[in-house]
Amino acid sequence: GADQDPAATEALAEVLRGESNGLPWFAARALGQQSTADAAAVLLAAARQPGPAQAPAIRGLGVCRDPKAVPVLIELLAEKTPALRWAALD
């Protein structure tokens, strides 16, 4: 499992919100693997915010399996952007 240290969660959240090419995907997956309430909160916030971190965050929510993510994922199935719909399905 991933490190569940709150400092690790914050560091991963910074990477998720960053503009680094490809790194948000890894950060979102690592946050999802933490399966903590703090990590889920970061992913939920990013999943609702349009931008480069949105699709990775949606996929991270699927990894996290937090029950609070279900309504957001269902809502995203109606998203107009195919990449976001696909991320919600995955």
Within the supplied structure, the quantity of interest is the number of heavy atoms (other residues, nucleotides, ligands) at a distance under 6.0 Å from [X] [atom1]; does it exceed 12?
X	atom1	result
R85	CZ	yes
W86	CH2	no
E14	CD	yes

Return the [atom1] to [atom2] distance between [X] and [Y], rounded to the nearest 0.5 Å.
X	Y	atom1	atom2	answer
L31	T36	CG	OG1	7.5 Å
Q34	T9	CD	OG1	3.5 Å
L43	L12	CG	CG	9.5 Å

Q. Would a 4.5 Å heavy-atom cut-off, applied to side chains only, mark Q54 and I58 as touching?
A. yes

Self-check item: Side-chain touch D66/L61, heavy atoms, less than 4.5 angstrom
Solution: no

[X] and [Y]: which non-hydrogen atoms are nearest, and at how many Å?
X	Y	answer
A47	A57	N-CB, 3.6 Å
L16	P24	CD1-O, 3.6 Å
A53	P56	O-CD, 3.3 Å

query = With hydrophobic residues grouped by side-chain heavy-atom distances under 4.5 Å, do L84 and L73 end up in a single group?
reply = yes

- Message: Side-chain heavy atoms nearer than 4.5 Å, only ILVMFWY residues, links allowed to pass through others: does that put L76 and V63 together?
- Response: no

Answer yes when R17 and E10 have at least one side-chain N-carboxylate O distance shorter than 4.0 Å, and no when they do not.
-> yes

